[in-house]
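Residue numbers begin at 1 in each chain, while the letters A, B, ... track the order of the sequences.
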2 protein chains.
Amino acid sequence: MTDDAELSDLLTLRLGYLVKNAYLDLAALMARALEPYGVHPKELGVLSVIAADGAERSQNELASAVGMDRTTMVAVIDDLEGRGLVERHRSARDRRRNVVTLTEAGAVCLRDAERARTEAEEAYLAPLDAEAAQALSETLRILHRAHGAARSAPAHWPAPAG
Amino acid sequence: MTDDAELSDLLTLRLGYLVKNAYLDLAALMARALEPYGVHPKELGVLSVIAADGAERSQNELASAVGMDRTTMVAVIDDLEGRGLVERHRSARDRRRNVVTLTEAGAVCLRDAERARTEAEEAYLAPLDAEAAQALSETLRILHRAHGAARSAPAHWPAPAG
DNA sequence: TATTGTTATACTCTATAACTATA
DNA sequence: TATAGTTATAGAGTATAACAATA
């Protein structure tokens, strides 16, 4: 005589369901939080990587940094450029490379959207006490280093210095 | 002079990337672990829900329980039935409903695949100490209850008894 | 030869709309 | 009218293959 509530509970015992739901819940929350600024979470990651760096980054490098294919990056940059948030120009040193830079509007958008992202993360973690929230991030970083290293560090990129 | 390693680190500070990567890493690990048994993680969830319950569950109820659309469930049951793991039959009480039951082969597959799932979860959590692994599951359950309640408890299902 | 950006294409996953049979 | 199963269709999201320009 298992009722429906217990049937749902069955799946919350599975790590896979918990992690998948965490991803879907947070992704939906983030997409809603960024909507007023006209950017998708994926685009915000790209803008952040561009801004994080004084060096000129090509589309290919941006794609590797955020973990998407370079063919997918083309459309992302197309959109961002069409909305005036980034600019493309050919690298002088290597004319195959498209160097992507932030416009002023892009910098403003990034700043505002980043604040919205931070607030959304805080809202997502609000049900937890500070200790548990801190532990969650640290735990996920450990798991990322252990399991996701291959995907996050493309073979054609230079190795870390230290 | 930010180098590539620091560029990658930038994203590991974002909860969204950490959670997404956790999902992708675990999903890939799980899919590989279940491959020898010929089931996808999604199908294992369906088999588990069927087996968890003495009551007869319709396709619609199974779909709600695992969080997928009932139109998606049709193809899932088609596959499972085609491989002889489940059987469909019309409910006597309500001839609109397709009651789905496990075959013997389905029960065997479920048992073996469940063991593989458990092992895969343990492998995924191996980089953590027991305390952190326990805390992760508990934290994800809290977040699930807080944010995912609406999706996990379909409106047309009876409310929990207590 | 190899790499970058680009395009076209295909594939996966899932949801929506509409139909049927039942209630 | 409303619901369960089904089908056809469409929409994201992403990856693969091939091509031109450049190294």
**Request:** Please check the phosphate of C:dC13 (OP1 and OP2 only) for any side-chain N or O of B:Lys42 closer than 4.0 Å.
**Result:** no
**Request:** Compare side-chain N and O positions of B:Asn98 against OP1 and OP2 of D:dG5 and report whether any pair is under 4.0 Å apart.
**Result:** no
**Message:** Can you measure B:Tyr23 atom OH to D:dG13 atom P for me and round it to whole angstrom units?
**Reply:** 14 Å
**Asked** Applying side-chain hydrogen bond (donor to acceptor under 3.5 Å, both in side chains), which residue pairs with at least one partner in residues 73-85 of chain B are found, sequence neighbours left out?
**Response** B:Glu43-B:Arg83, B:Asp78-B:Arg88, B:Glu81-B:Arg88
**Message:** Check this for me: does any side-chain nitrogen of one of B:Arg97 and B:Asp94 sit under 4.0 Å from a carboxylate oxygen of the other?
**Reply:** no
**Separation of C:dT6 P from A:Asp69 CG (nearest whole Å)** = 13 Å
**Asked** Starting at CE of B:Met68 and ending at C1' of C:dT12, how long is that distance when rounded to a whole Å?
**Response** 14 Å
**Asked** Taking OP1 and OP2 of C:dT6, is either one under 4.0 Å from a side-chain nitrogen or oxygen of A:Arg97?
**Response** no
**Item:** Sugar-phosphate or base contact per nucleotide [nucleotides 18-23 of chain D; S, B, -; heavy atom under 4.0 Å]
**Value:** B--BBS
**Prompt:** Looking at A:Arg111 and A:Glu114, does any basic side-chain N land under 4.0 Å from a carboxylate oxygen?
**Reply:** no
**Asked** What integer distance in Å separates A:Ile77:CD1 from C:dT7:C1'?
**Response** 17 Å
**Prompt:** Is the shortest distance from a Lys or Arg side-chain nitrogen in A:Arg32 or A:Glu35 to a carboxylate oxygen in the other one below 4.0 Å?
**Reply:** no
**Request:** Take the protein atom CG of B:Leu24 and the nucleotide atom C1' of D:dG13, then report the distance between them rounded to whole Å.
**Result:** 12 Å
**Item:** A:Gln59 CD to C:dT7 P, straight-line distance once rounded to whole Å
**Value:** 10 Å
**Prompt:** Could you give the CG-to-P distance, from A:Asp78 to D:dG13, as a whole number of Å?
**Reply:** 16 Å
**Prompt:** Is it true that a side-chain atom of B:Thr72 and a backbone atom of B:Met68 form a donor plus acceptor pair closer than 3.5 Å?
**Reply:** no
**Residue B:Val74, side-chain atoms from C-beta onward, closest of D:dT16, D:dT7, C:dG5** = D:dT7
**Request:** Assess the side chains of B:Asp69 and B:Thr71: does a donor N or O sit below 3.5 Å from an acceptor N or O?
**Result:** yes
**Asked** Distance-only, no hydrogens or angles: does the B:Arg90 side chain make a donor-acceptor pair with backbone N or O of B:Arg96 under 3.5 Å?
**Response** yes
**Between P of D:dA4 and CE of B:Met73, the distance in whole Å** = 13 Å
